[in-house]
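A short worksheet on the structure shown next.
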Amino acid sequence: MHALLTRRWLTVFAVALLASFVMVLLGRWQWSRYELRSAINDRIDASTVVTPVPVGDVLAAATGKGAAPGPGEDKAWTRITATGRYDATQEILVRNRTVDGTVGYEILTPLVLADGSALLVDRGWVPPHPDGITVAPTFPAAPTGPVTVVGRVHLTESGAGTIDQRNGHWETRRVSLPAIGDKLPYPVLGAYVLADSGTPGAQGLTAIEVGHENDWLNLGYAVQWWIFAVGALVGVVYLYRKDQREQRAATESGADPEPAPEPADATA
């Protein structure tokens, strides 16, 4: 066991233990991401069958100018219902949205609630105008009068971007509730809703599909890091035992282990 106590082997074991410890931590982080994404997928699946709850049970009321604080991630994809009137004069077109390989627009229409605040409703997707992006796309108008919307909560998107008036509509590339709220004349709730296909105003538009999170990728990375952690320790033990066998073989043969070659003399 004396070889185990040499500076060389102590250093090798210390480095291997440190590397394994770091790999275990990386694996635990990937596992936490796997659990988070799995929970999101469970909520997505549940939202297709559960009875919708009133919007006030999920999103905080909006008061004053701008958007209310957004809900936590645990509220994402909750199926809600809300009653109000569409305000087509403040409609927002979200450009560069792809469905089946075609880049088009999502139509975001404020639903003004009884308290005067608005819930932004993503009524669905439309392709671009045949004459190009310089022409506003054609899509069904939002119905007038009181309507009841059913859909799933979508959290605000990161990256505010710019919100401009084009062809008589607001346009943006990101659904940033704080940025959009600054442009609208009433308070805005802190999340928006992807309308179910049967919701008033969604007819004639392509419903937005909700994609599942790729949780298996994180699970694979977690297992991979933990295998690496074990492999680092197993590799050191293997090298140590191999070194010991060579030492014993050299001792039994009565010869010293072959020394490492001397470095060449630079002056030669």
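We number each residue from 1, following the sequence as shown.
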Taking all non-hydrogen atoms of both residues into account, name the closest pair between [X] and [Y] and its distance.
{"X": "G116", "Y": "P187", "answer": "O-CD, 4.0 Å"}
{"X": "A229", "Y": "V24", "answer": "CB-CG2, 3.9 Å"}
{"X": "A118", "Y": "P110", "answer": "CB-CB, 4.1 Å"}
{"X": "P200", "Y": "Y86", "answer": "O-OH, 2.8 Å"}
{"X": "L59", "Y": "A191", "answer": "CD2-CB, 3.8 Å"}
{"X": "A207", "Y": "S197", "answer": "CB-CB, 4.4 Å"}

Side-chain heavy atoms of [X] within contact of [Y], under 4.5 Å:
{"X": "L239", "Y": "V12", "result": "no"}
{"X": "V193", "Y": "L120", "result": "no"}
{"X": "D164", "Y": "E171", "result": "no"}
{"X": "P128", "Y": "P137", "result": "no"}
{"X": "V112", "Y": "Y186", "result": "yes"}
{"X": "S20", "Y": "L17", "result": "no"}

Has [X] got a side-chain atom pairing as donor or acceptor with [Y]'s backbone, closer than 3.5 angstrom?
{"X": "K65", "Y": "L184", "value": "yes"}
{"X": "T156", "Y": "L177", "value": "yes"}
{"X": "R95", "Y": "Y105", "value": "no"}
{"X": "Y192", "Y": "S176", "value": "no"}
{"X": "R33", "Y": "L219", "value": "no"}
{"X": "W125", "Y": "R97", "value": "yes"}
{"X": "D196", "Y": "G198", "value": "no"}
{"X": "T199", "Y": "V150", "value": "yes"}
{"X": "Q224", "Y": "A222", "value": "no"}

Original post:
What's the verdict on side-chain contact (heavy atoms from CB on, under 4.5 Å) for L93 and W170, showing C-alpha distance, side-chain angles and the deciding distance?
Top reply: CA-CA 6 Å; L93 273 59; W170 292 110; over 6 Å; no
Original post:
Salt-bridged, R174 to E106, with N to O below 4.0 Å?
Top reply: no
Subject >> N-O pairing of R173 and E157 below 4.0 Å >> reply: no
**OP:** Given side-chain contact (heavy atoms from CB on, under 4.5 Å), test V55 with L189 step by step and report yes or no.
**Re:** CA-CA 10 Å; V55 64; L189 273 63; 3.8 Å; yes
Original post:
Which word best sums up how the rings of F228 and W225 line up, parallel for under 30°, tilted for 30 to 60°, or perpendicular for over 60°?
Top reply: perpendicular
Original post:
In terms of ring plane angle, is the pair F13 and Y240 parallel, tilted or perpendicular, where the classes change at 30° and 60°?
Top reply: perpendicular
Under a single-linkage definition using a 4.5 Å side-chain heavy-atom cutoff for Ile, Leu, Val, Met, Phe, Trp and Tyr, are [X] and [Y] assigned to the same hydrophobic cluster?
{"X": "F21", "Y": "Y221", "value": "no"}
{"X": "V121", "Y": "F139", "value": "no"}
{"X": "I163", "Y": "V94", "value": "yes"}
{"X": "V175", "Y": "V99", "value": "yes"}
{"X": "L113", "Y": "V58", "value": "yes"}

Atom [atom1] in [X], atom [atom2] in [Y]: separation rounded to 0.5 Å?
{"X": "L205", "Y": "Q203", "atom1": "CG", "atom2": "CD", "value": "9.0 Å"}
{"X": "K183", "Y": "I92", "atom1": "NZ", "atom2": "CD1", "value": "11.5 Å"}
{"X": "E91", "Y": "T109", "atom1": "CD", "atom2": "OG1", "value": "3.5 Å"}
{"X": "T172", "Y": "I180", "atom1": "OG1", "atom2": "CD1", "value": "6.0 Å"}
{"X": "H169", "Y": "T89", "atom1": "NE2", "atom2": "OG1", "value": "10.0 Å"}
{"X": "T78", "Y": "H154", "atom1": "OG1", "atom2": "NE2", "value": "13.0 Å"}

Original post:
Are L119 and I80 close enough, and set up right, to give a side-chain contact (heavy atoms from CB on, under 4.5 Å), and what steps lead you there?
Top reply: CA-CA 11 Å; L119 170 67; I80 63 93; 4.1 Å; yes
Original post:
Counting only heavy atoms not in E73, do more than 12 fall under 6.0 Å of its CD?
Top reply: no
**OP:** Please say which of T206, I107, T138 ends up in a side chain to side chain contact (heavy atoms under 4.5 Å, CB included) with V126.
**Re:** I107
Original post:
Just checking, is any N or O donor in the side chain of S117 or D115 under 3.5 Å from an acceptor N or O on the other one?
Top reply: yes
**OP:** Check step by step if side-chain contact (heavy atoms from CB on, under 4.5 Å) holds for W226 and V230.
**Re:** CA-CA 6 Å; W226 290 334; V230 174; 5.8 Å; no
